Amino acid sequence: MATIEEITLADEPHAWSSLGFDVRDGSCTLGSVVVNLAGAGAREHEGPGAGLVGWRLRDIASAELDGLPTTLGTSAAPPPGGGRHPNAITAIDHVVAVSPDLDRTIATLQAAGLDLRRVREEPTPAGAPRQGFFRLDEVILEVVQEPGEVSERHGGSDRPAHFWGLALISADLDATAAAFAPHCGEVRDAVQAGRRIATVRRSAGLSVPVALMSAVGEAVA
């Protein structure tokens with residue numbers, strides 16, 4: 001199965017350590033994924049998702065993933081998963097990408113060996129009409145169909161897919177929200193039954209949108 005080895009963000013390490021992440025030597029580990037905090041200079045262009053500079057995947061047939069910046073990882077077994085951070089974050093729940101042509105992107109990712117689990121033919125609260133979900137070991141890749149009017153405004157459906165943001169898993173979402181304060185929105189019910197979610201505000205200074213999610217089966221006091 002394709003697995004995420006590393007994700008690189010155009011964030012300064014102190015931006016994450018100030019939010020309660022255990023950052024060492026410019027990176028932190030979320031589950032089995034290393035998050036490389038490369039600083040603002042790593043951003044190669046502007047626009048949505050540009051702060052997620054790229055990722056390194058193992059066990060894929062090709063690094064050509066319809067525009068998602070990808071490098072090939074090692075064939076070695078993944079390192080042991082990281083533990084719980086002081087802010088109660090334990091892992092990455094999902095990575096979000098956006099495509100102006102979802103069917104094209106799905107076909108490209110499948111050809112590279114990514115495991116498509118389902119296509120959801122229902123709109124999201126943000127207005128995306130369809131989504132495809134791929135399993136990369138412990139992490140989900142959610143590819144969102146760009147709304148038609150947005151696609152037309154930005155040059156049509158021939159453009160490549162691009163990264164958008166991250167959703168992180170918390171073992172105690174209320175504690176995480178408190179650790180992120182005042183940079184965290186209200187905790188509310190998520191689309192996924194039995195889970196809760198909160199969004200990180202722009203005031204946190206992160207380069208990509210980040211959501212915080214409760215773990216599956218979280219006990220709420």
Side-chain angles (χ1 to χ4, degrees), residues 1-11 13 15-17 19-24 26-38 42 48-60 65 68-71 73 77-98 109 114-117 124 131-144 161-173 175-177 179-180 183-184 187 190-192 195-200 204 206-218:
M1 177 180 290
T3 305
I4 304 173
E5 192 172 277
E6 182 179 279
I7 288 175
T8 297
L9 300 178
D11 283 331
W16 281 59
S17 60
L19 295 172
F21 290 95
D22 182 11
V23 177
R24 303 183 185 186
S27 68
C28 65
T29 302
L30 301 179
S32 62
V33 179
V34 174
V35 179
N36 178 33
L37 304 169
L52 205 168
V53 178
W55 61 2
R56 187 165 69 232
L57 305 184
R58 66 168 63 87
D59 297 326
I60 58 172
L65 299 185
L68 301 179
T70 304
T71 56
R84 173 170 165 166
H85 289 261
N87 57 19
I89 294 295
T90 60
I92 298 173
D93 188 82
H94 59 276
V95 177
V96 181
V98 177
L109 299 185
L114 274 67
D115 179 19
L116 177 67
R117 291 302 178 92
T124 67
Q131 311 96 53
F133 297 89
F134 293 82
R135 168 65 72 177
L136 290 87
D137 198 8
E138 68 180 23
V139 181
I140 294 293
L141 169 63
E142 178 183 354
V143 185
V144 176
H162 62 269
F163 287 118
W164 178 256
L166 301 171
L168 310 180
I169 300 174
S170 170
D172 184 339
L173 187 55
T176 300
F180 275 63
H183 308 300
C184 184
V187 176
V191 173
Q192 298 88 341
R195 300 184 71 184
R196 301 184 300 149
I197 190 170
T199 55
V200 179
L206 302 184
S207 63
V208 295
V210 173
L212 310 170
M213 298 191 69
S214 64
V216 176
E218 176 201 42

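This is a predicted model, so every value here is computed, not measured. Basis for what follows: all heavy atoms, side chains included, without hydrogens, waters or symmetry-related copies. Quick note: residue numbers are just sequence positions, from 1.
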Open item on the list: Quick one, Leu9 and Leu166 - any side-chain contact, counting heavy atoms below 4.5 Å?
Closed with: yes

Task: Any residue meeting side chain to side chain donor-acceptor pair (under 3.5 Å) with Ser207, in chain and number order, not counting sequence neighbours - done: Asp11

Task: CA sep, side-chain torsions, deciding dist, call: Ile92, Ile4, side chain to side chain contact (heavy atoms under 4.5 Å, CB included) - done: CA-CA 10 Å; Ile92 298 173; Ile4 304 173; over 6 Å; no

TODO: Quick one: closest heavy-atom pair of Val208 and Gly165, and the distance?
DONE: CB-CA, 4.3 Å

Open item on the list: Ring-plane angle category for Phe163 and Trp55, please: parallel below 30°, perpendicular beyond 60°, tilted otherwise.
Closed with: perpendicular

TODO: Kindly compute the distance separating NE2 (His94) from CD1 (Ile169), expressed to the nearest 0.5 Å.
DONE: 9.5 Å

TODO: Heavy atoms only: give me the nearest Ala97-Leu141 pair and the separation to one decimal.
DONE: CB-CD1, 4.2 Å

Task: From NE2 (His183) to CG (Leu206), nearest 0.5 Å - done: 9.0 Å

Task: Contact summary for Glu138 and Leu30, nearest pair of heavy atoms - done: OE2-O, 3.8 Å

Open item on the list: How close do Glu142 and Phe133 get, counting heavy atoms only, and between which atoms?
Closed with: CG-CE2, 3.5 Å

TODO: For the residue pair Phe180 and Val210, establish whether any side-chain heavy-atom pair is separated by less than 4.5 Å.
DONE: no

TODO: Test Thr29 against Val34 for side chain to side chain contact (heavy atoms under 4.5 Å, CB included), laying out the working first.
DONE: CA-CA 4 Å; Thr29 302; Val34 174; 4.2 Å; yes

Open item on the list: Using the rule side chain to side chain donor-acceptor pair (under 3.5 Å), only one of Thr176, Asn87, Thr90 pairs with Ser170; which is it?
Closed with: Thr176

- [ ] Any chance you could measure Leu136, atom CG, to Ile60, atom CD1, to the nearest 0.5 Å?
- [x] 8.5 Å

Open item on the list: Testing the basics here: between Val200 and Ala204, what is the closest heavy-atom pair and its distance to 0.1 Å?
Closed with: CG1-CB, 3.6 Å

TODO: Please tell me if the side chains of Arg84 and Asp172 come closer than 4.5 Å, counting only heavy atoms from C-beta onward.
DONE: yes

Task: Note, Val35 side chain near Leu37 side chain (heavy atom, < 4.5 Å) - done: yes

Open item on the list: Tell me every residue that passes salt bridge (Lys or Arg N to Asp or Glu O under 4.0 Å) with Arg135, counting only those two or more places apart in sequence or in another chain.
Closed with: none

Open item on the list: Could you check whether any side-chain N or O of His85 sits under 3.5 Å from a backbone N or O of Asp22, counting only pairs where one atom can act as donor and the other as acceptor?
Closed with: yes

Open item on the list: Restricting to non-hydrogen atoms, name the atom on Leu173 and the atom on Ser214 that form the minimum distance, rounded to 0.1 Å.
Closed with: CD2-N, 3.9 Å

Open item on the list: I'd like to check the side-chain contact (heavy atoms from CB on, under 4.5 Å) partners of Ala190; sequence neighbours left out, ordered by chain and number.
Closed with: Gln192, Arg195, Ile197, Met213

TODO: Compare all side-chain heavy atoms of Leu109 with those of Phe134 and state whether any distance is below 4.5 angstrom.
DONE: yes

